[in-house]
Trainee: 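Sharing a structure with you now.
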Amino acid sequence: MNDQSATKFGPAPSAKSGSSYKQPTKNSARILSLAHAVTLLTVRRDEAAVVPANYVAKVKAALLASDVLGDAEAAAACEQSDISSWQDFRASSVGTRTAAELTVAYLAGPEPSNDLLALVALGLRPENIWAFEIDPQAIATGMEDLKALGLRGVKFVPVSMDDYLIGTPRRFDIIYFDACGPLPSDKQKTIRLIVDIFKYGALAPLGVLISNFSRPDISKPNTLNDYASLVASYLFPKGFVEAEGSMIEGPPVYGYKLRNPTNSGECFLSKVEADFDGHYGAFITRQIMDIAEIVAPTVRLTSSKLHKVLFDEDLEKAATRGRRFARFNPALSGADEEDAVEQVFGAKFEADEVIGHAPEAEIEVGDLVTDVETDGDAIVDPSFFSLVWTLAALGFYEIDENFDVPSTSVKNFARAWKNQLYGSPAGGGAIEDLIAAFYAWRHDKSLWSPAMKAIGSFPYREAMPFLCDIPSEELGFYPAFAQLAYPTHPNVREARRWRYVAEGKTTPMFLDVIAFDECRYVYDWLSAMHLVTNDWLDRSAQLTFRFALDAIVKERRWFGDDFLYGCHAVGEDHMFPTSELSQRIDLPRGQPPHESNNKGSTGTP
């Protein structure tokens with residue numbers, strides 16, 4: 001918990017300064033977060049898992065009772081033997097834990113006993129608790145602090161947490177990253193550690209990440225503009241954003257532009273600057289979720305040879321395709337249409353010939369009718385390409401007039417953030433290319449391996465019953481990706497978030513407690529790759545998978561269209577609600593944890 005940076009509020013707490021982390025509000029935040037994490041992984045473990053044990057049976061029962069044509073017939077094909085088999089498979093995957101069995105990693109700081117005693121009071125064993133510290137002064141003070149307790153078995157390791165996570169196979173049920181610095185921080189590399197946690201599988205298949213980040217010093221105009229530009233660029237393309245404790249449609253729906261120097265009322269950046277805390281808190285949560293589901297798994301997959309099982313081995317080819325999502329095809333801009341066809345393809349084509357990939361623009365030239373790839377998909381549908389849109393808005397792709405060029409200060413700040421997204425070791429690849437490749441793989445089947453092409457060409461509409469959504473290759477892409485890339489999904493409904501200012505401090509802290517579930521009991525229900533389509537020809541096995549997948553789809557309904565779009569098996573209603581993210585709670589100073597109120601911070605538009 002050692003903040004080694006210095007701000008206008010004075011030196012960071014350290015052994016050298018003699019500062020303490022025993023403030024009542026800080027202690028309240030500590031107890032609330034750790035107690036929620038331990039409760040989720042023990043007595044409420046079934047609720048911590050993204051897909052409930054009874055979910056498949058519940059979907060079948062709802063469809064059997066439906067008066068929608070075909071629902072009951074489809075549900076009847078899902079056999080009880082498969083439902084029971086899946087439930088057994090899930091139970092063995094989720095397992096059980098007592099508090100004494102949980103393992104925890106945290107940052108020690110100069111007073112490691114604060115968190116240690118809180119964990120022991122919750123029933124954890126000292127032998128299962130690891131504390132990490134690299135500051136020499138904090139190490140010396142922390143050692144004395146722990147020796148005074150006289151507890152046997154405590155792990156106090158004088159290395160950085162990320163070095164330990166990378167260098168050992170240890171997985172932790174709870175990782176408590178009390179960074180105290182902002183997200184991102186070039187000095188503390190806060191983004192990099194979050195990526196490493198998921199990239200190296202340091203969190204248990206069902207585990208809880210507790211993160212605590214400070215607000216940056218936004219009293220400095222350049223700092224406010226740099227952070228607000230990143231936050232605004234990150235949230236702008238999301239299909240839904242937070243607002244007063246609920247989720248509403250993203251900024252473009254309300255007429256906002258990312259930057260609008262002529263009308264501040266329609267400038268999303270101005271709105272973020274005006275309510276920085278609300279948007280910054282939303283950014284922290286969304287950034288962590290995207291790292292777990294998209295960024296870290298993509299980096300892991302491309303760091304090995306595994307991506308060749310799924311996709312064309314030429315990463316540059318995929319990256320080039322993905323970068324084109326951020327700009328419209330320049331050959332079509334202001335060009336004669338017939339010349340444009342030749343510019344793009346080098347030849348004229350017969351009528352009605354289809355070229356390229358959706359979405360496509362139909363060009364009519366006399367009797368010639370052809371489809372030409374317009375590119376610019378992220379501009380047309382930003383929520384389907386949210387991370388590409390963000391990277392383009394920050395200047396990391398070749399772009400067109402739909403994006404303003406960011407200032408040098410913003411570009412430099414964003415570059416430091418972007419470079420951390422690869423995790424450790426640094427320099428393994430350009431993260432903007434890997435992210436572009438992920439979206440290219442999703443949207444361009446010409447980049448798929450033969451096994452993936454078999455999944456893509458499966459007769460979804462003929463062999464799969466129509467349920468809430470029309471079946472498509474969306475049911476095939478991400479589950480196949482997940483089998484090898486090992487993403488982990490946030491449990492949105494059980495997430496808890498707080499904001500507080502400790503006694504004697506002026507900087508707000510943003511505390512998130514999120515359970516993450518690899519959902520292997522869903523993805524591994526299918527055979528691997530080449531045998532997936534065989535499973536889908538088994539109507540009962542196919543439906544069992546689709547019913548279970550529906551829970552993941554609904555859990556992340558408001559948090560992105562970047563994958564699993566249109567994969568609902570049953571409609572959204574009171575029986576199958578989409579998960580809402582609870583509002584960030586402001587902790588009053590000095591009150592015990594059970595007396596904290598539920599007043600939350602404001603959110604995005």
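In this chain, residues are counted from 1 in sequence order.
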Trainee: State, to 0.1 Å, how close V295 and L421 come at their nearest heavy-atom pair, and which atoms those are.
Mentor: CG1-O, 3.4 Å
Trainee: Under 3.5 Å, is there a donor-acceptor pair between the R323 and T320 side chains?
Mentor: yes
Trainee: With a 4.0 Å cut-off on N to O distance, would you call R442 and E474 a salt bridge?
Mentor: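 Yes.
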Trainee: Is any side-chain N of the basic residue among E473 and K445 closer than 4.0 Å to the acidic one's carboxylate O?
Mentor: yes
Trainee: Between N491 and A48 (side chain of the first, backbone of the second, donor and acceptor by atom type, cut-off under 3.5 Å), is there such a pair?
Mentor: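 Yes, N491 side chain to A48 backbone: donor-acceptor pair under 3.5 Å.
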Trainee: Any salt bridge between E273 and K271, counting N to O under 4.0 Å?
Mentor: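 Here E273 does not pair with K271 in a salt bridge, since their nearest N and O are not under 4.0 Å apart.
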Trainee: Strictly distance-based, threshold 3.5 Å: is any side-chain N or O of T190 a donor or acceptor partner for the main-chain N or O of P182?
Mentor: yes
Trainee: With a 4.5 Å cut-off on side-chain heavy atoms, are F325 and F384 touching?
Mentor: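 A side-chain contact is absent here, since even the closest heavy-atom pair is not under 4.5 Å.
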Trainee: Do the side chains of K554 and D550 get close enough for a salt bridge, i.e. N-O under 4.0 angstrom?
Mentor: yes
Trainee: Taking C-beta and beyond as the side chain, do P479 and L564 meet within less than 4.5 Å on heavy atoms?
Mentor: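 The answer is yes, as the side chains (C-beta and beyond) meet within the 4.5 Å cut-off.
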Trainee: Under the side chain to side chain contact (heavy atoms under 4.5 Å, CB included) criterion, do L203 and T488 qualify, and how do the steps go?
Mentor: CA-CA 9 Å; L203 201 62; T488 182; 5.7 Å; no
Trainee: Could you walk me through whether N225 and T223 pass the side chain to side chain donor-acceptor pair (under 3.5 Å) test, one step at a time?
Mentor: CA-CA 5 Å; N225 183 252; T223 300; over 6 Å; no
Trainee: Without hydrogens or angle criteria, can the side chains of N329 and T374 be said to hold a donor-acceptor pair below 3.5 Å?
Mentor: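 Not at all, the side chains of N329 and T374 share no donor-acceptor pair under 3.5 Å.
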Trainee: Just how far is it from atom CD1 of I191 to atom NZ of K189, taken to the nearest 0.5 Å?
Mentor: 12.0 Å
Trainee: Parallel, tilted or perpendicular: which fits the ring planes of F438 and Y478, with parallel below 30° and perpendicular above 60°?
Mentor: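 Plane angle over 60°, so perpendicular.
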Trainee: Without hydrogens or angle criteria, can the side chains of D196 and S424 be said to hold a donor-acceptor pair below 3.5 Å?
Mentor: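 D196 vs S424: donor-acceptor pair found between side chains.
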Trainee: If you round to the nearest 0.5 Å, how far is OH of Y200 from OG of S303?
Mentor: 7.0 Å
Trainee: Assess the side chains of D381 and S383: does a donor N or O sit below 3.5 Å from an acceptor N or O?
Mentor: no
Trainee: Measure across F559 and M247 and return the closest heavy-atom pair with its distance rounded to 0.1 Å.
Mentor: CE2-CE, 3.9 Å
Trainee: So for atom CZ, which belongs to F576, do other residues, nucleotides or ligands contribute more than 12 heavy atoms lying within a distance under 6.0 Å?
Mentor: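 Above 12, so yes.
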Trainee: For the atom pair CD1 (I514) and CG (L581), what is the distance rounded to the nearest 0.5 Å?
Mentor: 7.5 Å
Trainee: Roughly how far, to the nearest 0.5 Å, is the CG atom of L193 from the CD atom of Q420?
Mentor: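 It comes to 10.0 Å.
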Trainee: Taking the side chain as C-beta and beyond, is there a heavy-atom pair between W389 and F403 under 4.5 Å?
Mentor: yes
Trainee: Centre of Y227's six-membered ring, under 6.0 Å away, within 45 degrees of the axis: is that where NZ or CZ of R215 sits?
Mentor: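 No; the conditions do not both hold, so R215 does not lie above the ring face of Y227.
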Trainee: Is the backbone of N419 close enough, under 3.5 Å, to the side chain of R415 for a donor and an acceptor to pair up by distance?
Mentor: no
Trainee: Aromatic contact between F545 and W525, with the criterion being ring centroids under 6.0 Å apart: yes or no?
Mentor: no
Trainee: Check the pair F510, Y280 against ring-ring contact (aromatic ring centres under 6.0 Å, His included), reporting the backbone distance first and the verdict last.
Mentor: CA-CA 9 Å; F510 293 77; Y280 176 63; 5.1 Å; yes
Trainee: Kindly say whether K453 contributes a backbone atom to a donor-acceptor pair with the side chain of S457 at under 3.5 angstrom?
Mentor: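 Yes, the answer is positive, given that a donor and an acceptor are paired below the 3.5 Å cut-off.
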Trainee: Do K257's NZ or CZ and the ring of F268 fall within the cation-pi criteria of under 6.0 Å and 45°?
Mentor: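 No, K257 does not lie over the aromatic ring of F268.
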Trainee: With a 4.5 Å heavy-atom cut-off, do F413 and T408 have their side chains touching?
Mentor: no
Trainee: Tell me if the aromatic rings of Y460 and W536 count as close, with their centers under 6.0 Å from one another.
Mentor: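 Yes, close enough.
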Trainee: Quick check: does any side chain N or O of R520 sit under 3.5 Å from a backbone N or O of Q483, one acting as donor and the other as acceptor?
Mentor: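 Yes, because the side chain of R520 sits within donor-acceptor range (under 3.5 Å) of the backbone of Q483.
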Trainee: Do R557 and V492 have side-chain heavy atoms sitting under 4.5 Å apart?
Mentor: no
Trainee: Is the backbone of A243 close enough, under 3.5 Å, to the side chain of S246 for a donor and an acceptor to pair up by distance?
Mentor: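 Yes, because the side chain of S246 sits within donor-acceptor range (under 3.5 Å) of the backbone of A243.
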Trainee: Salt bridge check: are R324 and D375 linked by an N-O gap of less than 4.0 Å?
Mentor: yes
Trainee: Apply salt bridge (Lys or Arg N to Asp or Glu O under 4.0 Å) to the pair E432 and K418, showing each step before the final yes or no.
Mentor: CA-CA 8 Å; E432 62 268 34; K418 182 262 297 182; 3.2 Å; yes
Trainee: Is atom CD of E572 surrounded by more than 12 heavy atoms (other residues, nucleotides or ligands) closer than 6.0 Å?
Mentor: yes
Trainee: Begin from the C-alpha positions of S582 and R497 and carry the test side chain to side chain donor-acceptor pair (under 3.5 Å) through to its verdict.
Mentor: CA-CA 8 Å; S582 62; R497 304 178 300 163; 5.4 Å; no
Trainee: Side-chain contact, heavy-atom cut-off 4.5 Å: I194 with F177?
Mentor: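 I194 reaches F177 side chain to side chain.
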Trainee: With a 3.5 Å distance limit and no angle check, can you tell me whether S233 reaches the backbone of L230 through a side-chain donor-acceptor pair?
Mentor: no
Trainee: Apply ring-ring contact (aromatic ring centres under 6.0 Å, His included) to F516 and F198, showing your working.
Mentor: CA-CA 10 Å; F516 284 93; F198 293 105; 4.9 Å; yes
Trainee: Considering all heavy atoms of both residues, which atom of V241 and which atom of P251 are nearest to each other, and what is their separation?
Mentor: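 So the two residues come closest at CG1-CD, 4.2 Å.
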Trainee: If only atom types and distance count, is the side chain of K220 paired as donor or acceptor with the main-chain N or O of D217 below 3.5 Å?
Mentor: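 No.
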Trainee: Inspect the contact between R321 and D312 and indicate whether a charged nitrogen and a carboxylate oxygen are less than 4.0 angstrom apart.
Mentor: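 No, D312 and R321 are not salt-bridged.
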Trainee: Would you check if I435 and L391 make a side-chain contact, meaning some heavy-atom pair closer than 4.5 Å?
Mentor: yes
Trainee: Tell me yes or no: between the side chains of D377 and Y439, is some donor less than 3.5 Å from an acceptor?
Mentor: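 Judged by distance alone, the side chains do not pair up.
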Trainee: Would you check, one step at a time, whether the test salt bridge (Lys or Arg N to Asp or Glu O under 4.0 Å) holds for R556 with E293?
Mentor: CA-CA 11 Å; R556 64 180 323 278; E293 294 186 300; 3.3 Å; yes
Trainee: Is a side-chain N or O of S264 found less than 3.5 angstrom from the main chain of C267, in a donor-acceptor match?
Mentor: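 Side chain of S264 to backbone of C267, a donor-acceptor pair under 3.5 Å: no, none is there.
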Trainee: Between the main-chain N or O of V51 and the side-chain N or O of Y521, is there a donor-acceptor pair closer than 3.5 Å?
Mentor: yes
Trainee: E249 and W558: side-chain donor and acceptor closer than 3.5 Å?
Mentor: no
Trainee: Determine whether the side chains of E555 and H489 contain a donor N or O and an acceptor N or O closer than 3.5 Å.
Mentor: no
Trainee: Given I288, which of I291, D290, I284 fulfils the side-chain contact (heavy atoms from CB on, under 4.5 Å) condition?
Mentor: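 Among the candidates, only I284 passes.
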Trainee: Look up atom OG in S270 and atom CG in D275, then write down how far apart they are to the nearest 0.5 Å.
Mentor: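 Result: 13.0 Å between the selected atoms.
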Trainee: Under a 4.0 Å N-O cut-off, is there an ion pair linking R584 with D512?
Mentor: yes
Trainee: Could you check if a side-chain atom of F236 sits within less than 4.5 angstrom of a side-chain atom of P382, using non-hydrogen atoms only?
Mentor: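 They are not in side-chain contact.
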Trainee: With a cut-off of 6.0 Å (strictly less than), are more than 12 heavy atoms of other residues, nucleotides or ligands near NZ of K411?
Mentor: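 Enclosed.
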Trainee: For the residue pair Y234 and F283, categorise the inter-ring angle as parallel (less than 30°), tilted (30 to 60°) or perpendicular (more than 60°).
Mentor: perpendicular
